[in-house]
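Comments concern the structure below.
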Amino acid sequence: MKLTKLAIMMVAVAAMASCSDEPEEIVPAEYTEIAEAQGQGGGYAGMYLLNEGNMGSNKCTLDYLNFNNGVYGRNLYAQQNPDVALELGDTGNDIAIYNGRLYIVVNGSHKVEVLDAATAKRIGKVDIDNPRYIAFDGKNAYVSSYVGGADDHGTVVRFDTDKLQVTGSVTVGLQPEEIVITDGKLYVANSCISMTPNYDNTISVVDLGSFKLEGSIAVDINMHHLKIDSEKNLWVSSRGNYYDIPSRLYKLSADEKGNYSVAATVPTACSNMAIYKDKLYYYASEWSNETYAFTISYGVVDTKTAKIEPESFITDGTEGNIVAPYAIEVNPGNGDVVITDAKNYTSSGAVYCYRQGRRIWNATTGDIPGNVVFRR
(Lines give C-alpha, C1' and ligand atoms only; values in the text may rest on other atoms or scores of the structure.)
Protein backbone atom coordinates (compact mmCIF):
# COMPACT_ATOMS: atom_id res chain seq x y z
CA MET A 1 0.00 0.00 0.00
CA LYS A 2 1.44 3.37 -1.01
CA LEU A 3 1.15 5.95 1.77
CA THR A 4 1.27 9.69 1.21
CA LYS A 5 0.15 11.99 4.05
CA LEU A 6 -0.60 15.64 3.37
CA ALA A 7 -1.48 18.28 5.95
CA ILE A 8 -3.82 20.98 4.66
CA MET A 9 -4.79 24.08 6.64
CA MET A 10 -7.40 26.26 4.98
CA VAL A 11 -6.94 30.04 4.79
CA ALA A 12 -10.34 30.44 6.43
CA VAL A 13 -8.98 28.89 9.62
CA ALA A 14 -6.39 31.62 10.02
CA ALA A 15 -8.97 34.27 9.25
CA MET A 16 -11.27 32.92 11.92
CA ALA A 17 -8.49 32.76 14.49
CA SER A 18 -7.52 36.38 13.86
CA CYS A 19 -11.00 37.69 14.73
CA SER A 20 -11.75 35.52 17.75
CA ASP A 21 -10.66 36.08 21.33
CA GLU A 22 -10.51 32.34 22.02
CA PRO A 23 -10.20 30.58 18.65
CA GLU A 24 -10.99 26.90 18.39
CA GLU A 25 -8.12 24.71 17.25
CA ILE A 26 -8.91 23.20 13.84
CA VAL A 27 -7.06 19.97 13.15
CA PRO A 28 -6.05 19.77 9.48
CA ALA A 29 -7.23 16.87 7.36
CA GLU A 30 -4.80 14.09 6.53
CA TYR A 31 -4.86 12.17 3.27
CA THR A 32 -3.61 8.66 2.48
CA GLU A 33 -3.48 7.03 -0.93
CA ILE A 34 -4.83 3.46 -0.86
CA ALA A 35 -4.12 1.99 -4.28
CA GLU A 36 -5.97 -1.24 -3.45
CA ALA A 37 -9.24 0.68 -2.84
CA GLN A 38 -9.19 2.64 -6.11
CA GLY A 39 -12.08 1.63 -8.35
CA GLN A 40 -13.41 -0.84 -5.77
CA GLY A 41 -16.64 0.96 -4.83
CA GLY A 42 -19.01 -1.33 -6.70
CA GLY A 43 -20.80 1.66 -8.21
CA TYR A 44 -20.49 3.79 -5.07
CA ALA A 45 -18.42 6.96 -5.17
CA GLY A 46 -17.19 6.83 -1.61
CA MET A 47 -17.54 5.76 1.98
CA TYR A 48 -17.97 7.96 5.04
CA LEU A 49 -16.68 6.71 8.39
CA LEU A 50 -17.74 8.33 11.67
CA ASN A 51 -15.22 8.17 14.50
CA GLU A 52 -16.95 8.18 17.85
CA GLY A 53 -14.09 9.63 19.90
CA ASN A 54 -13.79 9.18 23.65
CA MET A 55 -16.76 10.38 25.65
CA GLY A 56 -16.17 13.88 26.96
CA SER A 57 -13.15 14.50 24.72
CA ASN A 58 -14.92 16.35 21.88
CA LYS A 59 -13.00 14.21 19.37
CA CYS A 60 -15.77 12.95 17.11
CA THR A 61 -14.42 13.16 13.56
CA LEU A 62 -15.46 12.29 10.01
CA ASP A 63 -13.37 10.34 7.47
CA TYR A 64 -14.04 9.73 3.78
CA LEU A 65 -12.70 7.21 1.28
CA ASN A 66 -12.96 8.26 -2.37
CA PHE A 67 -13.25 5.06 -4.42
CA ASN A 68 -12.57 6.91 -7.68
CA ASN A 69 -9.00 7.84 -6.77
CA GLY A 70 -8.36 5.65 -3.72
CA VAL A 71 -7.70 8.61 -1.40
CA TYR A 72 -8.68 8.27 2.28
CA GLY A 73 -9.19 11.58 4.09
CA ARG A 74 -9.30 11.97 7.86
CA ASN A 75 -11.07 14.69 9.85
CA LEU A 76 -12.93 16.23 6.91
CA TYR A 77 -15.57 18.03 8.94
CA ALA A 78 -13.07 20.44 10.46
CA GLN A 79 -11.59 21.19 7.07
CA GLN A 80 -14.92 21.69 5.31
CA ASN A 81 -16.51 23.67 8.16
CA PRO A 82 -13.73 25.73 9.79
CA ASP A 83 -16.17 28.30 11.20
CA VAL A 84 -18.10 25.78 13.33
CA ALA A 85 -17.03 26.06 16.96
CA LEU A 86 -16.04 22.81 18.70
CA GLU A 87 -15.95 21.08 15.31
CA LEU A 88 -18.18 18.01 14.97
CA GLY A 89 -18.71 17.46 18.68
CA ASP A 90 -18.61 14.79 21.37
CA THR A 91 -19.34 11.07 20.85
CA GLY A 92 -20.64 10.31 17.37
CA ASN A 93 -23.16 7.47 17.49
CA ASP A 94 -24.79 7.02 14.08
CA ILE A 95 -24.52 8.16 10.47
CA ALA A 96 -26.86 7.92 7.48
CA ILE A 97 -27.38 9.36 4.00
CA TYR A 98 -30.89 10.35 2.93
CA ASN A 99 -31.93 12.41 -0.11
CA GLY A 100 -28.45 13.76 -0.72
CA ARG A 101 -27.81 14.76 2.88
CA LEU A 102 -25.48 13.24 5.45
CA TYR A 103 -26.96 12.96 8.94
CA ILE A 104 -24.62 12.51 11.92
CA VAL A 105 -26.00 11.69 15.36
CA VAL A 106 -23.69 13.21 17.99
CA ASN A 107 -24.78 11.79 21.33
CA GLY A 108 -22.56 13.74 23.74
CA SER A 109 -23.28 17.06 22.04
CA HIS A 110 -27.05 16.37 21.96
CA LYS A 111 -27.58 17.08 18.29
CA VAL A 112 -27.95 15.72 14.78
CA GLU A 113 -25.60 17.40 12.32
CA VAL A 114 -26.88 17.74 8.75
CA LEU A 115 -24.32 17.99 5.93
CA ASP A 116 -24.33 17.97 2.17
CA ALA A 117 -23.40 14.37 1.35
CA ALA A 118 -21.29 15.38 -1.66
CA THR A 119 -19.17 18.04 0.08
CA ALA A 120 -19.52 17.40 3.84
CA LYS A 121 -20.39 21.09 4.26
CA ARG A 122 -22.79 21.88 7.05
CA ILE A 123 -26.43 22.63 6.23
CA GLY A 124 -27.67 22.87 9.80
CA LYS A 125 -28.37 20.90 12.95
CA VAL A 126 -31.24 19.64 15.08
CA ASP A 127 -30.93 19.72 18.87
CA ILE A 128 -32.03 16.44 20.50
CA ASP A 129 -31.11 15.29 24.01
CA ASN A 130 -29.02 12.10 24.14
CA PRO A 131 -29.71 10.95 20.55
CA ARG A 132 -28.70 7.42 19.56
CA TYR A 133 -29.85 6.19 16.11
CA ILE A 134 -31.66 7.65 13.12
CA ALA A 135 -34.09 6.36 10.46
CA PHE A 136 -36.21 8.03 7.75
CA ASP A 137 -39.64 7.89 6.19
CA GLY A 138 -40.95 10.45 3.69
CA LYS A 139 -39.96 13.96 4.77
CA ASN A 140 -39.37 12.90 8.37
CA ALA A 141 -36.38 11.67 10.34
CA TYR A 142 -36.81 9.64 13.52
CA VAL A 143 -34.18 9.60 16.26
CA SER A 144 -34.06 7.39 19.34
CA SER A 145 -33.24 9.23 22.56
CA TYR A 146 -32.41 7.98 26.03
CA VAL A 147 -34.49 10.70 27.69
CA GLY A 148 -37.82 12.48 27.55
CA GLY A 149 -40.25 9.69 28.37
CA ALA A 150 -42.17 9.03 31.57
CA ASP A 151 -40.77 6.76 34.31
CA ASP A 152 -37.19 6.86 32.99
CA HIS A 153 -38.29 5.66 29.57
CA GLY A 154 -36.77 6.99 26.39
CA THR A 155 -38.35 8.54 23.33
CA VAL A 156 -38.30 8.58 19.57
CA VAL A 157 -38.09 12.17 18.32
CA ARG A 158 -39.42 13.16 14.89
CA PHE A 159 -38.08 16.09 12.88
CA ASP A 160 -38.83 17.59 9.47
CA THR A 161 -35.89 17.03 7.12
CA ASP A 162 -36.70 20.16 5.08
CA LYS A 163 -37.13 22.62 7.94
CA LEU A 164 -34.82 20.79 10.40
CA GLN A 165 -37.38 21.32 13.13
CA VAL A 166 -38.63 18.85 15.74
CA THR A 167 -42.29 18.06 15.14
CA GLY A 168 -43.06 15.50 17.82
CA SER A 169 -41.92 12.70 20.12
CA VAL A 170 -43.31 9.46 21.50
CA THR A 171 -42.40 7.55 24.66
CA VAL A 172 -40.98 4.08 24.06
CA GLY A 173 -38.92 1.70 26.24
CA LEU A 174 -35.81 2.02 28.38
CA GLN A 175 -32.86 3.62 26.60
CA PRO A 176 -33.99 2.91 23.02
CA GLU A 177 -31.30 2.03 20.51
CA GLU A 178 -31.43 1.17 16.80
CA ILE A 179 -34.53 1.82 14.65
CA VAL A 180 -36.03 0.26 11.53
CA ILE A 181 -39.12 1.37 9.59
CA THR A 182 -41.37 -0.77 7.39
CA ASP A 183 -45.00 -0.72 6.25
CA GLY A 184 -45.91 2.45 8.11
CA LYS A 185 -44.53 1.33 11.44
CA LEU A 186 -41.39 2.10 13.38
CA TYR A 187 -39.60 -0.53 15.48
CA VAL A 188 -37.00 0.39 18.08
CA ALA A 189 -34.92 -1.93 20.27
CA ASN A 190 -34.96 -1.07 23.97
CA SER A 191 -32.07 -1.75 26.33
CA CYS A 192 -31.77 -0.81 30.01
CA ILE A 193 -31.08 1.87 32.55
CA SER A 194 -27.32 2.26 32.69
CA MET A 195 -25.47 0.86 35.67
CA THR A 196 -28.53 -0.94 37.06
CA PRO A 197 -30.00 -4.42 36.54
CA ASN A 198 -33.25 -2.82 35.33
CA TYR A 199 -33.42 -4.27 31.81
CA ASP A 200 -36.05 -3.84 29.15
CA ASN A 201 -36.87 -6.87 27.00
CA THR A 202 -39.03 -5.31 24.30
CA ILE A 203 -39.05 -3.80 20.84
CA SER A 204 -41.43 -0.84 20.84
CA VAL A 205 -43.84 -0.50 17.90
CA VAL A 206 -44.88 3.00 16.81
CA ASP A 207 -47.57 3.76 14.22
CA LEU A 208 -46.16 6.49 11.99
CA GLY A 209 -49.56 7.77 10.87
CA SER A 210 -50.69 8.70 14.37
CA PHE A 211 -47.15 8.79 15.79
CA LYS A 212 -48.32 6.90 18.84
CA LEU A 213 -47.04 3.82 20.62
CA GLU A 214 -48.98 0.87 19.25
CA GLY A 215 -47.49 -1.89 21.40
CA SER A 216 -44.34 -3.87 22.08
CA ILE A 217 -42.75 -7.21 21.22
CA ALA A 218 -41.09 -9.21 23.99
CA VAL A 219 -37.76 -10.71 22.88
CA ASP A 220 -34.85 -10.66 25.35
CA ILE A 221 -33.15 -8.25 27.73
CA ASN A 222 -30.88 -5.34 26.88
CA MET A 223 -31.26 -5.21 23.10
CA HIS A 224 -29.16 -3.03 20.85
CA HIS A 225 -28.87 -3.48 17.07
CA LEU A 226 -31.97 -3.92 14.92
CA LYS A 227 -31.93 -4.66 11.16
CA ILE A 228 -34.42 -5.70 8.50
CA ASP A 229 -33.75 -8.16 5.69
CA SER A 230 -35.07 -8.32 2.12
CA GLU A 231 -38.10 -10.37 3.21
CA LYS A 232 -38.97 -7.87 5.97
CA ASN A 233 -37.82 -10.10 8.81
CA LEU A 234 -36.42 -8.22 11.80
CA TRP A 235 -33.08 -9.18 13.31
CA VAL A 236 -32.22 -7.97 16.80
CA SER A 237 -29.22 -8.49 19.06
CA SER A 238 -29.47 -8.88 22.82
CA ARG A 239 -26.44 -7.98 24.92
CA GLY A 240 -27.55 -10.14 27.85
CA ASN A 241 -26.50 -9.05 31.34
CA TYR A 242 -22.74 -9.56 30.89
CA TYR A 243 -22.83 -12.28 33.54
CA ASP A 244 -25.15 -15.32 33.42
CA ILE A 245 -27.49 -14.33 30.56
CA PRO A 246 -25.54 -14.49 27.26
CA SER A 247 -25.75 -12.26 24.24
CA ARG A 248 -27.98 -13.70 21.52
CA LEU A 249 -29.30 -12.98 18.01
CA TYR A 250 -33.01 -13.27 17.16
CA LYS A 251 -35.04 -13.41 13.96
CA LEU A 252 -38.60 -12.02 14.06
CA SER A 253 -41.16 -12.72 11.33
CA ALA A 254 -44.57 -11.15 10.73
CA ASP A 255 -47.89 -13.00 10.48
CA GLU A 256 -50.60 -12.25 7.92
CA LYS A 257 -51.71 -9.24 10.00
CA GLY A 258 -48.21 -7.80 10.12
CA ASN A 259 -47.58 -8.65 13.78
CA TYR A 260 -44.03 -9.71 14.55
CA SER A 261 -42.89 -12.44 16.92
CA VAL A 262 -39.68 -14.41 17.47
CA ALA A 263 -39.29 -17.01 14.73
CA ALA A 264 -35.78 -18.23 15.53
CA THR A 265 -33.03 -17.88 18.10
CA VAL A 266 -29.53 -18.02 16.62
CA PRO A 267 -27.17 -19.63 19.16
CA THR A 268 -24.42 -17.04 19.00
CA ALA A 269 -23.41 -13.85 20.70
CA CYS A 270 -23.77 -10.79 18.48
CA SER A 271 -22.19 -7.41 19.12
CA ASN A 272 -22.96 -5.88 15.73
CA MET A 273 -24.28 -6.99 12.34
CA ALA A 274 -24.94 -6.02 8.73
CA ILE A 275 -27.25 -7.61 6.16
CA TYR A 276 -26.56 -8.03 2.45
CA LYS A 277 -29.00 -9.98 0.26
CA ASP A 278 -29.75 -13.21 2.17
CA LYS A 279 -26.69 -13.11 4.43
CA LEU A 280 -26.21 -11.55 7.86
CA TYR A 281 -22.60 -10.76 8.77
CA TYR A 282 -21.76 -10.37 12.43
CA TYR A 283 -18.99 -10.21 14.97
CA ALA A 284 -19.22 -11.00 18.66
CA SER A 285 -17.07 -9.70 21.48
CA GLU A 286 -18.30 -11.52 24.56
CA TRP A 287 -17.00 -11.10 28.11
CA SER A 288 -16.32 -14.21 30.20
CA ASN A 289 -16.52 -14.11 33.99
CA GLU A 290 -14.47 -17.31 34.06
CA THR A 291 -11.48 -16.13 32.04
CA TYR A 292 -11.94 -12.39 32.66
CA ALA A 293 -11.37 -11.78 28.97
CA PHE A 294 -13.29 -11.14 25.77
CA THR A 295 -13.88 -13.92 23.27
CA ILE A 296 -14.07 -12.52 19.74
CA SER A 297 -15.69 -14.37 16.86
CA TYR A 298 -16.92 -13.64 13.33
CA GLY A 299 -19.64 -15.34 11.34
CA VAL A 300 -22.34 -15.42 8.68
CA VAL A 301 -26.01 -16.35 9.14
CA ASP A 302 -28.31 -17.43 6.30
CA THR A 303 -31.31 -15.12 6.76
CA LYS A 304 -33.70 -17.61 5.16
CA THR A 305 -32.84 -20.53 7.45
CA ALA A 306 -31.44 -18.60 10.48
CA LYS A 307 -28.51 -21.06 10.45
CA ILE A 308 -24.89 -20.13 11.05
CA GLU A 309 -22.80 -20.95 8.01
CA PRO A 310 -19.70 -23.13 8.50
CA GLU A 311 -17.32 -20.52 7.10
CA SER A 312 -16.74 -16.98 8.41
CA PHE A 313 -16.47 -13.91 6.17
CA ILE A 314 -12.76 -13.82 7.10
CA THR A 315 -10.84 -16.82 5.81
CA ASP A 316 -7.30 -15.51 5.29
CA GLY A 317 -6.25 -15.59 8.96
CA THR A 318 -6.15 -11.81 9.37
CA GLU A 319 -8.89 -11.74 12.02
CA GLY A 320 -6.08 -12.15 14.56
CA ASN A 321 -4.87 -8.66 13.66
CA ILE A 322 -8.17 -7.07 14.72
CA VAL A 323 -7.84 -6.05 18.36
CA ALA A 324 -11.30 -4.65 19.14
CA PRO A 325 -13.93 -4.95 16.37
CA TYR A 326 -16.34 -2.06 16.64
CA ALA A 327 -18.43 -1.56 13.49
CA ILE A 328 -19.43 -3.69 10.54
CA GLU A 329 -21.09 -2.76 7.24
CA VAL A 330 -21.47 -4.22 3.76
CA ASN A 331 -20.98 -2.29 0.54
CA PRO A 332 -24.42 -2.65 -1.11
CA GLY A 333 -22.83 -2.38 -4.55
CA ASN A 334 -20.47 -5.35 -4.43
CA GLY A 335 -20.89 -7.17 -1.10
CA ASP A 336 -17.51 -6.19 0.34
CA VAL A 337 -17.53 -6.45 4.15
CA VAL A 338 -16.05 -3.49 6.01
CA ILE A 339 -15.11 -3.87 9.67
CA THR A 340 -13.46 -1.37 12.00
CA ASP A 341 -11.01 -1.81 14.85
CA ALA A 342 -11.11 0.50 17.89
CA LYS A 343 -7.75 -0.92 19.06
CA ASN A 344 -7.06 0.68 22.49
CA TYR A 345 -10.07 3.07 22.38
CA THR A 346 -7.83 6.09 23.03
CA SER A 347 -5.91 6.62 19.78
CA SER A 348 -6.24 6.00 16.06
CA GLY A 349 -8.20 2.94 14.97
CA ALA A 350 -8.34 1.07 11.68
CA VAL A 351 -10.78 -0.02 8.98
CA TYR A 352 -10.47 -3.24 6.96
CA CYS A 353 -12.27 -4.39 3.83
CA TYR A 354 -12.87 -8.06 3.00
CA ARG A 355 -13.89 -9.64 -0.29
CA GLN A 356 -14.62 -13.36 -0.49
CA GLY A 357 -12.88 -13.88 2.83
CA ARG A 358 -9.68 -12.00 2.03
CA ARG A 359 -8.60 -8.54 3.12
CA ILE A 360 -8.23 -6.28 0.08
CA TRP A 361 -7.46 -2.92 1.69
CA ASN A 362 -7.12 -1.18 5.06
CA ALA A 363 -6.64 2.34 6.40
CA THR A 364 -5.91 4.22 9.62
CA THR A 365 -8.93 6.04 11.06
CA GLY A 366 -9.68 8.49 13.85
CA ASP A 367 -10.39 7.45 17.43
CA ILE A 368 -12.99 4.67 17.89
CA PRO A 369 -14.29 4.20 14.33
CA GLY A 370 -17.94 3.49 14.97
CA ASN A 371 -20.15 3.79 11.87
CA VAL A 372 -19.86 3.46 8.09
CA VAL A 373 -22.14 4.58 5.25
CA PHE A 374 -21.64 4.38 1.48
CA ARG A 375 -22.30 7.31 -0.89
CA ARG A 376 -23.31 6.97 -4.53
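In this text the structure is predicted, and so the values were computed from the model without any measurement.
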For this session: Would you check if the side chain of Gln80 reaches a backbone N or O of Thr119 as a donor-acceptor pair within less than 3.5 Å?
Result: yes
Exercise. Between atom CD1 of Ile328 and atom CG of Asn371, what is the distance when rounded to the nearest 0.5 Å?
Worked result: 12.5 Å
Exercise. Is Tyr283 reaching over with its side chain to a backbone N or O of Pro325, donor-acceptor style, under 3.5 angstrom?
Worked result: yes
Problem set entry | Point-to-point distance, once rounded to the nearest 0.5 Å, from CG of Asp90 to CD of Glu52 | 9.5 Å
Exercise. Below 4.5 Å, heavy atoms only, C-beta onward: do Tyr298 and Ile322 meet side chain to side chain?
Worked result: yes
Seminar exercise, completed: Heavy atoms of Ile339 and Tyr354 approach each other most closely as CG2-CE1, 4.0 Å
Problem set entry | For Thr315 against Arg358, the heavy-atom pair lying closest together | OG1-N, 4.5 Å
Exercise. Going by heavy atoms in the side chains, are Tyr352 and Ile314 under 4.5 Å from each other?
Worked result: no
For this session: Using ring pair (Phe, Tyr, Trp, His ring centres under 6.0 Å) as the criterion, point out the one residue from Phe294, Tyr242, Tyr243 that pairs with Trp287.
Result: Phe294
For this session: Scan side-chain atoms only and decide if Thr61 and Asn75 contain a donor-acceptor pair under the 3.5 Å cut-off.
Result: no
Exercise. What pairs with Asp162 under salt bridge (Lys or Arg N to Asp or Glu O under 4.0 Å), at least two apart in sequence or on another chain?
Worked result: none
For this session: Indicate yes or no: at least one non-hydrogen side-chain atom of Leu208 is less than 4.5 angstrom from one of Ile181.
Result: yes
Exercise. Heavy atoms, side chains only, cut-off 4.5 Å: are Tyr260 and Thr182 in contact?
Worked result: yes
For this session: For Asn190 and Ser204, test the side chains for any donor-to-acceptor distance below 3.5 angstrom and give the result as yes or no.
Result: yes
Problem set entry | Side-chain (Arg74) to main-chain (Thr365) donor-acceptor, under 3.5 angstrom | yes
Exercise. Using 30° and 60° as the class limits, which term best fits the ring planes of Phe67 and Phe374: parallel, tilted or perpendicular?
Worked result: parallel
Problem set entry | Full working for side-chain contact (heavy atoms from CB on, under 4.5 Å) between Val126 and Val157 | CA-CA 11 Å; Val126 182; Val157 179; over 6 Å; no
Exercise. Judged by modelled atom types alone, do Tyr146 and Ser191 share a side-chain donor-acceptor pair under 3.5 Å?
Worked result: no
Problem set entry | Pairing of Asp220 and Arg248 as salt bridge, 4.0 angstrom limit | no
Exercise. Is there side-chain contact between Leu62 and Leu115, with heavy atoms separated by less than 4.5 Å?
Worked result: yes
Exercise. Donor-acceptor pair, Asn222 side chain versus Gly240 backbone, under 3.5 Å?
Worked result: yes
For this session: Walk me through it: do Met223 and Tyr250 pass the test side-chain contact (heavy atoms from CB on, under 4.5 Å)?
Result: CA-CA 10 Å; Met223 289 177 285; Tyr250 295 90; 5.9 Å; no
For this session: Considering only NZ, NE, NH1 and NH2 on the basic side and carboxylate oxygens on the acidic side, decide whether Arg355 and Asp336 come within less than 4.0 Å.
Result: yes
Exercise. Counting distance only, does the side-chain N/O of Thr155 pair as donor-acceptor with the main-chain N or O of Ser169 below 3.5 Å?
Worked result: no
Exercise. Hey, are Asn54 and Tyr345 close enough side-chain-wise for a donor-acceptor pair under 3.5 Å?
Worked result: no
Exercise. To the nearest 0.5 Å, what is the distance between OH (Tyr72) and CG (Asn66)?
Worked result: 12.5 Å
Exercise. Under the 3.5 angstrom rule, does the side chain of Ser144 hit a backbone N or O of Glu177 as a donor-acceptor pair?
Worked result: yes
Exercise. Mind checking whether Ile296 and Tyr281 sit in one hydrophobic cluster, side chains of I, L, V, M, F, W, Y counted as touching below 4.5 Å?
Worked result: yes
For this session: Look only at the side chain of Asn362 and the backbone of Ala350, and say whether a donor-acceptor pair between them is shorter than 3.5 Å.
Result: no
Exercise. Any donor-acceptor pair under 3.5 Å linking the side chain of Lys251 with the backbone of Thr303?
Worked result: yes
For this session: Look at the side chain of Thr161 and the backbone N and O of Lys139, then say whether any donor-acceptor pair between them is shorter than 3.5 Å.
Result: yes
Exercise. Considering all heavy atoms of both residues, which atom of Asn81 and which atom of Ala120 are nearest to each other, and what is their separation?
Worked result: ND2-O, 2.9 Å
Seminar exercise, completed: The reported gap from NE2 in His224 to CZ in Arg239 (rounded to nearest 0.5 angstrom) is 5.0 Å
Exercise. Picking from Phe211, Tyr133, Phe136, what satisfies ring pair (Phe, Tyr, Trp, His ring centres under 6.0 Å) with Tyr142?
Worked result: Phe211
Exercise. Taking all atoms of both residues into account, what is the closest heavy-atom pair of Gly46 and Tyr64, and its distance?
Worked result: CA-OH, 3.2 Å
Seminar exercise, completed: In this structure, CD1 of Ile104 is separated from OG of Ser109 (nearest 0.5 Å) by 11.5 Å
For this session: Give the cluster check for Leu226 versus Trp235: same hydrophobic cluster or not, with ILVMFWY residues linked at side-chain heavy-atom distances below 4.5 Å.
Result: no
For this session: Please report the closest heavy-atom contact between His110 and Asn130, naming both atoms and the distance.
Result: ND1-N, 3.0 Å
Exercise. Transitively linked via ILVMFWY side-chain contacts under 4.5 Å: Ile228 with Tyr276?
Worked result: no
For this session: With sequence neighbours excluded, tell me which residues meet salt bridge (Lys or Arg N to Asp or Glu O under 4.0 Å) with Asp116.
Result: none
Problem set entry | Approximate separation, where rounding is to 0.5 Å, of Thr305 OG1 and Asp278 CG | 9.0 Å
Seminar exercise, completed: Nearest heavy-atom approach of Arg132 to Pro176 is CG-O, 3.7 Å
Problem set entry | Non-hydrogen side-chain atoms of Val143 and Pro131 separated by less than 4.5 Å | yes
Problem set entry | Modelled atom types, side-chain donor and acceptor of Asn233 and Ser253, under 3.5 Å | yes
Problem set entry | From CA spacing to verdict: side-chain contact (heavy atoms from CB on, under 4.5 Å), Cys192, Leu174 | CA-CA 5 Å; Cys192 65; Leu174 300 178; 5.6 Å; no
For this session: Show the numbers, then the answer: is there a side-chain contact (heavy atoms from CB on, under 4.5 Å) between Lys304 and Asp302?
Result: CA-CA 6 Å; Lys304 294 182 180 296; Asp302 185 312; 3.3 Å; yes
Problem set entry | Within-4.5 Å side-chain heavy-atom neighbours: Leu280 and Lys227 | no
Exercise. Can Tyr98 be reached from Ile123 by stepping across I, L, V, M, F, W or Y side chains whose heavy atoms are under 4.5 Å apart?
Worked result: yes
For this session: Give a yes or no on whether Glu309 atom CD has more than 12 heavy-atom contacts from other residues, nucleotides or ligands under 6.0 Å away.
Result: yes
Problem set entry | Check: Gln38 and Glu33 side chains under 4.5 Å, non-hydrogen atoms | no
For this session: Tell me, please, which residues at least two apart from Asp229 pass salt bridge (Lys or Arg N to Asp or Glu O under 4.0 Å).
Result: none
Exercise. Would Val180 end up clustered with Ile217 when hydrophobic side chains under 4.5 Å apart are linked, directly or stepwise?
Worked result: yes
Exercise. Does the distance from a Lys or Arg side-chain N to an Asp or Glu carboxylate O, for Asp341 and Lys343, drop under 4.0 Å?
Worked result: yes
Problem set entry | For Tyr187, the option from Val205, Ile179, Val206 that meets side chain to side chain contact (heavy atoms under 4.5 Å, CB included) | Val205
